[in-house]
Amino acid sequence: MHILVTSLERGFALEDRRDAVPAAHSAHSSSTSGSSTSSATADSNPGVRIVPDAIGLAQLVSERERSATPGDPIRWVWNSQDIVPRLLAHGVRVGRCHDLRLTGRILITAGYLDARFDVADARGGAHPGEGLFDLDAENPGTVAATRELFEAQLAAIEAADQGGTRKGALAFLVGAESAGTLVAAELRASGMPFSVERHERVLVDVLGSRRAGGRPAKLEAAASSVRAALGEQTLNVDSPKDLLAALRRAGLDVASTSKWELWGKEHPVVEALLHYKRLHRLFTANGWTWRDEWIHGGRFRPDYVPGGVVTGRWATSGGGAMQLPKEIRSAVVADPGWKLIVADAAQLEPRILAAMSGDEAMARAGAQRDMYTAFVDRGVVPDRDSAKVAMLGAMYGATTGQSAVLLPGLERVYPRAMGLVASAARSGERGQQVHTWLGRTSPWPPAEFSPRDFGRFTRNFIVQGTAAEWALTWMAGIRQRLAKLGVVTGGATGAVVDAPLEQTAHLAYFLHDEVVVHAPAEVAERAAVEVVAAAAEAGRLLFSGSQVTFPVVAHVVDSYGDAK
DNA sequence: CAAGTCTGCCAC
DNA sequence: AAACGTGGCAGACTTG
């Protein structure tokens, strides 16, 4: 059963759809069908209900979720960005949804859906200028417009999947993308446990004590060391321009002040400056100011942005969540009586390439626990480090350096895999679109573009984007599996809605190919098993028949810093 | 002086 | 002044 929800400032409208699979409809003749449905009102359409606020909606959603059964599941249709966080604020979780905004973006980028259905424009298909998600109780025509948008999306997905090589891939992608919105909202709602005390220990150890209005002692000392090494007592170390000039006066042949350029240069200032840079970075990016802004109530709550990257990867907004340096991960600590499960997928992108290319030889390597070691055993590369560099170079489009040297070896042994990324690169160079495994489509190049650069982009897009699809599938599976572990501190088990986030094992952090789960200690080992199992299941769901495996290393620890 | 751009570094 | 993909962010620097 589909249940369509539109939101507004003062309340919500909700419409039941009893037909799980809509009958054939005229998604592309909205100008006529729209006029006939736009007059629908709550009175004339008994399927439409209007609730005054988020609490009312939460109650309704909760009731419907409880009534759902495995044989009669509910799929909520909405802009989850607007609605899910408000439901979570009232303690209500849902099982499945269809996100209109992210689905629309996928379909429109691919050219499967007319751009006039773009939710981002906040216009209903048949009602230009009318806010899709700005429903007014006196203007329930918006419900009809939203329903029309949904049906147009379903029709576009159906048509694309019929024409695609793998039936149902796009529908699966839309489901995974939508599930991602639920995961993202729950990640933010639950947050990652973070110990201010442990963080303080790191800062004091590395930087010295916090000093009101000033810089900590060790940071100042490091700056002084740089000035001393350069013999320039008044140098402003934080000014790249001044620093570069000072370095050159000291006889260093450098064109910038960056680490890679300093590295290896013979001069006493190098070590001092690299040390200062490390301290300065910690101070500015993850120091006291960062903590005051982002850590509240023992939780780090970054704002995850599903689909925030063109490839389908997530982005985050605020707090630098996806750059959390290893240096401060020791401050991520489980609550008393709880554990963290830190899990990361081993060599995810090479495995993705092996699976999606159907390269038998690479798939055999991908069936091994350590794919890179399998490359070495095969005699493709001399050592494991070379294997890693070569694979990354192949997926990024390296043309020089060590990885480029190793490429011919890879091409000889793994022709189909290398051929796939080379083909994607050629498409980009010609200004064409490419597709991930599940059918996410790359954007068109800008009017002025460098063929070489855009080729490298599309080369990487297919692998990075498919890896993101695997990760979405993995997390959606983890979410479902953790919910089944049930409520430990009381209440019923089973239905998602009955497992409040704060009381049961939940996802706490995500980083492309890595997750952190926060779980009561008594279910931590079981949660770790589920995380590993969800990875294997994600592999089967995406690449049924492939021998490539997706091993996950899961550590049950008290602190993120204790994992590897 | 606010807004935009550049530099450099963190993550994958 | 990066080579070799995707990002976010702080602080310096530039511009209107």
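Proteins get letters first, then strands, A, B, ... in listed order; numbering begins at 1 in each.
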May I have the distance from A/R248 (atom CZ) to C/dA1 (atom C1'), rounded to whole angstrom? 11 Å

Sticking with atom P, work out how far C/dT14 lies from C/dA1, rounded to a whole angstrom. 15 Å

Phosphate OP1/OP2 of B/dG8: any A/T257 side-chain N/O under 4.0 Å: yes

So what does A/R456 hit on the nucleic acid, given a heavy-atom distance under 4.0 Å: a base, only sugar-phosphate, or nothing? sugar-phosphate

Ring centre gap for A/F300 and A/Y509 strictly below 6.0 Å: no

5'-most by nearest nucleotide on DNA chain C - A/V309 or A/S256: A/S256

Of the options C/dG11, B/dC9, B/dC12, whose atoms approach the side-chain atoms of A/D513 most closely? B/dC12

A/D335/A/R299 salt bridge by N-O under 4.0 Å criterion: yes

Proximity to the side chain of A/L511 - top-ranked nucleotide from B/dA11, B/dG8, C/dA1: B/dA11

On DNA chain C, does the nearest nucleotide to A/Q323 precede the nearest nucleotide to A/S258 from the 5' side, or the other way round? Give the residue. A/S258

CG of A/L279 versus P of B/dC10: gap in Å, rounded? 12 Å

The nucleotide from C/dT6, B/dA11, C/dA3 with an atom nearest the side chain of A/R329 is B/dA11

What is the distance, rounded to the nearest whole Å, between atom CG of A/L235 and atom P of C/dA12? 13 Å

Which listed nucleotide (C/dA12, C/dA1, C/dG8) is nearest to the side chain of A/E261? C/dA1

Of all the choices, B/dC12, C/dA1, C/dC13, which nucleotide is nearest to the side chain of A/P240 once you look at every atom? C/dC13

Please pick, from B/dC12, C/dG5, B/dG8, the nucleotide with the shortest atom-to-atom distance to any side-chain atom of A/R281. B/dG8

Between atom CH2 in A/W260 and atom P in B/dC10, what is the gap in whole Å? 15 Å

Would you say a side-chain N or O of A/K259 is under 4.0 Å from OP1 or OP2 of B/dT7? no

Result of checking A/V548, A/L420, A/T466 against A/L353 for side chain to side chain contact (heavy atoms under 4.5 Å, CB included): A/L420

Spacing between A/L392 atom CG and B/dC12 atom P, to the nearest angstrom: 12 Å

With a 4.5 Å heavy-atom cut-off, do A/V332 and A/V342 have their side chains touching? no

Short side-chain N/O contact from A/K241 to OP1 or OP2 of B/dT7, under 4.0 Å: no

A/R278 near the nucleic acid: base, sugar-phosphate alone, or nothing, with a heavy-atom cut-off under 4.0 Å? nothing

What is the ring orientation for A/H518 with A/W338, classed by angle as parallel under 30°, tilted 30 to 60°, or perpendicular over 60°? tilted

To the nearest Å, how far apart are A/L353 CG and B/dC12 P? 21 Å

Remember a base hit wins even if backbone is also touched, and classify A/G308 as base, sugar-phosphate or nothing at under 4.0 Å, heavy atoms. nothing

Heavy atoms under 4.0 Å, any strand shown: does A/N286 hit a base, just sugar-phosphate, or nothing? nothing

Check every strand shown and say whether A/G393 touches a base, only sugar-phosphate, or nothing at a heavy-atom separation below 4.0 Å. nothing

Between P on C/dG11 and CZ on A/F283, what's the gap in Å once rounded to a whole number? 8 Å

Spacing of A/L324 atom CG relative to C/dA10 atom P, expressed in whole Å: 14 Å

Pair A/Q432, A/W444: side-chain N/O donor-acceptor within cut-off below 3.5 Å: no

Pick base, sugar-phosphate or nothing for A/V310, based on heavy-atom distances below 4.0 Å to the nucleic acid. sugar-phosphate

Reckon A/G401 touches a base, only the sugar-phosphate, or nothing at all at heavy-atom distances under 4.0 Å? nothing

